[in-house]
Protein chains: 2
Amino acid sequence: MSNKTTRDEIIEAADDLFYRQGYEHTSFADIADVVKISRGNFYHHFKSKDVILDAVINKRLADRKAMLERWEIEGETPEDRIRSFIDILIVNGAKIKRYGCPIGTLTSELAKLNHAARGDANRLLMLFRTWLRRQFEALGRQADADLLAMHLLARSQGVATLSNAFQDEEFLRQEVEQMYGWLRLYAAGAAPE
Amino acid sequence: MSNKTTRDEIIEAADDLFYRQGYEHTSFADIADVVKISRGNFYHHFKSKDVILDAVINKRLADRKAMLERWEIEGETPEDRIRSFIDILIVNGAKIKRYGCPIGTLTSELAKLNHAARGDANRLLMLFRTWLRRQFEALGRQADADLLAMHLLARSQGVATLSNAFQDEEFLRQEVEQMYGWLRLYAAGAAPE
DNA sequence: GTCTATACGCGGATAGAC
DNA sequence: GTCTATCCGCGTATAGAC
């Protein structure tokens, strides 16, 4: 279709820089360098830095929604689909090792800044939480589907944090194997409670 | 003994503010307000903000070392001691819900900033990793003690991250119960591998 | 040791020409 | 829609008096 608009290029560059450097630590100058526009031109597209953050969060939401819908179609069973979720740790292993989880680190940063967009960023986590909950429900775990979703989310976050801190992609792989094993128990109906 | 020196007061205030607001987001003015000194006076005690960060990290290291030694003395069995570790999630539950884990969030922030003190902050995580590893060794898990230590560390980190994001202390309690159960398997020698 | 005054650069934001 | 020029406040840091 049409070429990317300048606006889209700004959002893309900001998305990447916010991930790699953090939101607060990324300046307009940083973004302008990547997009190759002047700093003044910025304000034609966004009236403040906060508005760029909003756009980045919305882009991430749209990206992740599309990804989850793909998994929904491609996965034949709920177990397959939940495995797709666990797999991102492997697929994005190198980046997670360097920069952590894009969703978890943004959430944590905005929480610490007590930023107005905090709640919006949490919708990203909530998106996965809800999607995972539905998968566990489909596995017949109506009673504790949300708890299981939270449990898996928490383990992913923890693994990402430590993999990043210790620069250890191998540890991440081992934990992923354990999560597969854990999931199999539930898929086989062999899990307790 | 003697009164706290101004230097100590600065470190204490910085420790608290770095935790609640993040390192980068905390200015000298913020610290000066708490300690009630002028900004200029700062540089008599520390020649730059980075040096304050070093001092804060060293204070946290000393504090945690003392805590681990206490657990070592008070806990009668390795299981007791590991339970003490899990318990901090409960003891500090309210603060974790508001600000996350003091160690994990600092580590993540410095990683994102690619800050020179990154490695120093990681020593905090490593302190717990090594201590936990020794406890699992004492439980007879020589072969995988470090993996188990990392696993427990990761789970704590993940639980802290989600409890903070969703402002949910109840979830944290439930996960702690699960960790107790998980630990019991190893203490009873009933765990696999 | 603590203060006031001040330098200096950076980051976000605005005005207005082209 | 993009640019240059510029403003302004904040944050780190320094100088030097008391």
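Every chain is numbered from 1, with letters handed out A, B, ... down the list of sequences.
- One distance of note links CG of B:Leu148 with CG of B:Leu153; it measures 11.5 Å at 0.5 Å rounding.
- Residue contacts shown for A:Thr26 are limited to sugar-phosphate atoms, with no base heavy atom under 4.0 Å away.
- Atom CD1 of A:Ile31 is separated from atom P of C:dA13 by 11 Å (rounded to the nearest Å).
- If you measure from atom CZ of B:Phe28 to atom P of C:dG9, you get 18 Å, rounded to the nearest angstrom.
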Side chains of residues 68-76 of chain A: which donor-acceptor partners sit under 3.5 Å, not counting sequence neighbours?
unit_1  : atom_1 : unit_2   : atom_2 : d
A:Glu72 : OE1    : A:Trp131 : NE1    : 3.0
A:Glu72 : OE1    : A:Gln135 : NE2    : 3.3

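- In this structure, B:Tyr23 atom OH and D:dG11 atom C1' are separated by 12 Å, rounded to whole Å.
- Between A:Thr6 and the phosphate of D:dT2, there is a side-chain N or O to OP1/OP2 separation shorter than 4.0 Å.
- Of the candidate nucleotides D:dC3, C:dC3, D:dA13, D:dA13 has the atom nearest to the side chain of B:Lys49.
- With A:Asp168 contributing its side chain and A:Ser163 its backbone, the two residues share no donor-acceptor pair below 3.5 Å.
- Taking each heavy atom of A:Thr26 and A:Lys49 in turn, the nearest pair found is O-NZ, 2.7 Å.
- B:Tyr43 has a side-chain polar atom (N or O) that falls below the 4.0 Å cut-off from OP1 or OP2 of D:dA13.
- OP1 and OP2 of D:dG1 both lie 4.0 Å or more from every side-chain N or O belonging to A:Asn41.
- Defined by atom type and a distance below 3.5 Å, a donor-acceptor pair is missing between the side-chain atoms of B:Asn41 and B:Ser38.
- Using a 4.0 Å heavy-atom distance criterion, A:Ser27 is classed as a sugar-phosphate-only contact.
- Protein atom NZ of B:Lys36 is 21 Å distant from nucleotide atom P of C:dG1, rounded to whole Å.
- Atom C1' of nucleotide C:dG11 and atom CD of A:Gln21 are separated by 14 Å, given to the nearest angstrom.
- Protein atom NE2 of A:His44 is 20 Å distant from nucleotide atom P of C:dG12, rounded to whole Å.
- Per the geometry, CZ belonging to B:Phe46 stands 15 Å off P belonging to D:dT14, to the nearest Å.
- Residues in residues 100-122 of chain A take part in these ring-ring contact (aromatic ring centres under 6.0 Å, His included) pairs, two or more places apart or across chains: A:Tyr23-A:His115.
- Remark: B:His45 is in phosphate contact with C:dT2, judged by side-chain N or O atoms under 4.0 Å from OP1 or OP2.
- Remark: A:Lys112 does not engage B:Glu109 in a salt bridge, criterion side-chain N to carboxylate O under 4.0 Å.
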Quick one: which protein N/O atoms are closer than 3.5 Å to N/O atoms of nucleotides 16-18 of chain D? Pair and distance per line, please.
none

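- Here D:dA13 presents its P atom at 14 Å from CD1 of B:Ile37, a figure rounded to the nearest Å.
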